[in-house]
Amino acid sequence: MKNAFKFGFLGLALSVAVAACNSGTSNGENTADSLTNEIEADVNATTDSIDSIGDAAVDSLDSLAQDSL
């Protein structure tokens, strides 16, 4: 789970860095919109990763519980 957070924040940092590097090519409003879209995409991807890790953990706990019965 720690790795999911690390990759999520790494993606977020890279998105911010790319948006900052491209800021001279467009006006501020378009850059802010694209940065917002990138952040939302990274947050959604991180949330999906965390959800899948949680689902896998619940499934493994359920299978352990069924095996003990």
Original post:
Between CG of L61 and CD of Q66, what distance do you get to the nearest 0.5 Å?
Top reply: 12.0 Å

Review item, side-chain donor-acceptor pairs of residues 48-59, under 3.5 Å, at least two apart:
from, atom 1, to, atom 2, distance (Å)
S49, OG, A45, O, 3.1
S52, OG, D48, O, 3.4
S52, OG, S49, O, 2.8

Original post:
Can you name the side-chain hydrogen bond (donor to acceptor under 3.5 Å, both in side chains) partners of S15, sequence neighbours left out?
Top reply: D42

